[in-house]
Visitor: 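One structure coming up, written as C-alpha cells, with questions to follow.
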Amino acid sequence: MKNVLVLCTGNSCRSQIAEGYLKQYLNGKAVVFSAGVNNHKINENAIKIMKEDGVDISTQTSNHIDEYKNINFDYIITVCDHAYETCPAFYSNESTTRIHKNFFDPSSSNNRSNIEKDFRKCREEIKKFCYDFSKKFN
C-alpha cells in the first residue's frame with residue numbers, strides 16, 4: 001500500500017479537498033494524509049462545497065507536517081506554492097515522488113459575493129487533478 005501526503009500552507013481548504021477526493025479515488029490502493037506547514041481549522045466553505053459533490057470531509061482533521069515525520073511517503077503532493085517552497089526535504093527520500101500543482105486559494109478571495117463560485121472552481125480543478133493522479137494506481 002502506498003502512502004500519499006497532500007501538503008498545503010494551512011491544511012484548511014485545498015489540501016482537505018484533495019484528501020477527500022484522493023481517499024475516494026484511491027480507496028484500497030493508498031493511504032492518504034494531508035497536512036500543513038501551519039495548521040488551521042478546516043474551512044467551513046470547503047466542507048460545504050465538498051458535501052455538494054457527495055464527499056464528506058467534515059471529520060477530517062487539520063494536521064501539522066511534523067505529525068508525519070516518521071512516515072515514508074511514496075508521493076508528496078503540494079497544492080500551493082508556499083508549501084512547495086517550504087516543505088522540508090527530510091520528509092521525502094530518494095524514492096518519494098514529488099508533485100506540485102498550485103491551486104488558487106478560494107479562502108483568500110476578496111470578493112465575498114463570489115465565494116461559493118470560487119470554492120466550486122477550486123474544487124473542480126482539484127477533483128480533476130486527483131482523478132488524473134489516481135490513474136497512476138490502475
Side-chain angles (χ1 to χ4, degrees):
M1 181 99 39
K2 303 285 187 184
N3 289 319
V4 178
L5 174 65
V6 183
L7 186 62
C8 197
T9 300
N11 193 219
S12 66
C13 181
R14 293 166 287 180
S15 53
Q16 294 290 340
I17 292 170
E19 178 184 352
Y21 282 124
L22 289 173
K23 282 181 173 178
Q24 181 180 57
Y25 295 145
L26 299 175
N27 188 13
K29 298 176 185 173
V31 180
V32 180
F33 304 84
S34 72
V37 291
N38 301 305
N39 61 317
H40 305 285
K41 180 182 174 199
I42 298 177
N43 188 298
E44 292 297 321
N45 288 312
I47 293 170
K48 177 182 174 185
I49 220 70
M50 289 297 283
K51 192 171 282 188
E52 282 182 5
D53 200 32
V55 180
D56 183 6
I57 64 169
S58 65
T59 60
Q60 291 178 189
T61 58
S62 180
N63 301 87
H64 190 273
I65 190 171
D66 286 342
E67 296 174 48
Y68 301 129
K69 65 183 174 186
N70 295 321
I71 297 174
N72 290 320
F73 289 103
D74 299 284
Y75 295 92
I76 296 179
I77 303 168
T78 49
V79 293
C80 73
D81 286 342
H82 182 257
Y84 177 73
E85 293 162 3
T86 59
C87 179
F90 66 88
Y91 286 108
S92 62
N93 56 48
E94 315 75 59
S95 64
T96 301
T97 300
R98 289 178 165 260
I99 300 169
H100 175 64
K101 176 76 172 157
N102 185 48
F103 294 101
F104 167 73
D105 182 3
S107 63
S108 69
S109 176
N110 292 330
N111 189 345
R112 291 294 164 206
S113 62
N114 286 335
I115 194 81
E116 286 186 5
K117 179 182 171 191
D118 289 343
F119 269 85
R120 283 186 191 102
K121 180 180 184 287
C122 179
R123 177 192 69 198
E124 293 306 309
E125 290 174 358
I126 292 173
K127 182 178 183 177
K128 181 184 180 330
F129 172 84
C130 290
Y131 179 77
D132 291 346
F133 173 78
S134 72
K135 290 181 178 182
K136 295 175 187 254
F137 290 79
N138 292 334

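It should be emphasised that the depicted structure is a prediction, and the values quoted were computed from it without experimental measurement.
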Visitor: Measuring only between side-chain heavy atoms, which start at C-beta, is I42 closer than 4.5 Å to I47?
Guide: yes
Visitor: Evaluate the side-chain proximity of L22 to V6: yes if any heavy-atom separation is below 4.5 Å, no if none is.
Guide: yes
Visitor: Set out, in order, the CA-CA distance, both residues' side-chain angles and the distance that settles side chain to side chain contact (heavy atoms under 4.5 Å, CB included) for F119 and N43, then state yes or no.
Guide: CA-CA 11 Å; F119 269 85; N43 188 298; 3.6 Å; yes
Visitor: Y21 and Y131: aromatic ring centres closer than 6.0 Å?
Guide: no
Visitor: Which distance, rounded to the nearest 0.5 Å, do you find between the CD1 of I49 and the NZ of K117?
Guide: 12.5 Å
Visitor: Applying the 4.5 Å side-chain criterion to the ILVMFWY set and letting contacts propagate, would V55 and L26 be lumped into a single cluster?
Guide: yes
Visitor: Could you give me the CA-CA distance, side-chain angles and deciding distance for N102 and V79, then say whether side chain to side chain contact (heavy atoms under 4.5 Å, CB included) is met?
Guide: CA-CA 5 Å; N102 185 48; V79 293; over 6 Å; no
Visitor: Just wondering, do D105 and R14 contact through their side chains at under 4.5 Å, heavy atoms?
Guide: yes
Visitor: In terms of side-chain geometry, is the basic nitrogen of E116 or R120 positioned less than 4.0 Å from the acidic oxygen of its partner?
Guide: yes
Visitor: Centroid separation under 6.0 Å, is that true for the rings of F129 and F103?
Guide: yes
Visitor: Please determine whether salt bridge (Lys or Arg N to Asp or Glu O under 4.0 Å) holds for the pair E19 and K23, giving the CA-CA distance in whole Å, both sets of side-chain angles, and the decisive distance to 0.1 Å.
Guide: CA-CA 6 Å; E19 178 184 352; K23 282 181 173 178; 2.7 Å; yes
Visitor: Tell me, with the steps shown, if F104 and D118 meet side chain to side chain contact (heavy atoms under 4.5 Å, CB included).
Guide: CA-CA 9 Å; F104 167 73; D118 289 343; 4.0 Å; yes
Visitor: I'd like to check N11 versus H40 (side-chain heavy atoms, cut-off strictly below 4.5 Å). Are they in contact?
Guide: no
Visitor: Check whether any side-chain heavy atom of L5 lies under 4.5 Å from a side-chain heavy atom of Y75, and answer yes or no.
Guide: no
Visitor: Should V31 and V4 be marked as a side chain to side chain contact (heavy atoms under 4.5 Å, CB included) after you check the CA-CA gap, both sets of side-chain angles, and the distance that decides it?
Guide: CA-CA 6 Å; V31 180; V4 178; over 6 Å; no
Visitor: Would you mind reporting whether R123 and D53 have side-chain heavy atoms less than 4.5 Å apart?
Guide: yes
Visitor: State yes or no: do I126 and I99 share one hydrophobic cluster built from I, L, V, M, F, W and Y residues joined by side-chain heavy-atom distances below 4.5 Å, directly or via other members?
Guide: yes
Visitor: I'd like to check K127 versus Y25 (side-chain heavy atoms, cut-off strictly below 4.5 Å). Are they in contact?
Guide: yes
Visitor: Dump the intermediate steps for ring pair (Phe, Tyr, Trp, His ring centres under 6.0 Å) on F33 and F73, then the final yes or no.
Guide: CA-CA 10 Å; F33 304 84; F73 289 103; 5.6 Å; yes
Visitor: Do you know which two heavy atoms are closest between C80 and H100, and how far apart they sit?
Guide: O-CE1, 3.3 Å
Visitor: As an exercise, state the distance from OG of S134 to CD of Q24, rounded to the nearest 0.5 Å.
Guide: 9.5 Å
Visitor: Less than 4.5 Å apart, any side-chain heavy atom of C13 and any of P106?
Guide: yes
Visitor: Answer yes or no: is there an ion pair linking E125 with K121, defined by an N-O contact shorter than 4.0 Å?
Guide: yes
Visitor: Quick check: does any side chain N or O of D74 sit under 3.5 Å from a backbone N or O of T96, one acting as donor and the other as acceptor?
Guide: no
Visitor: Kindly compute the distance separating OG (S34) from CD1 (I57), expressed to the nearest 0.5 Å.
Guide: 9.0 Å
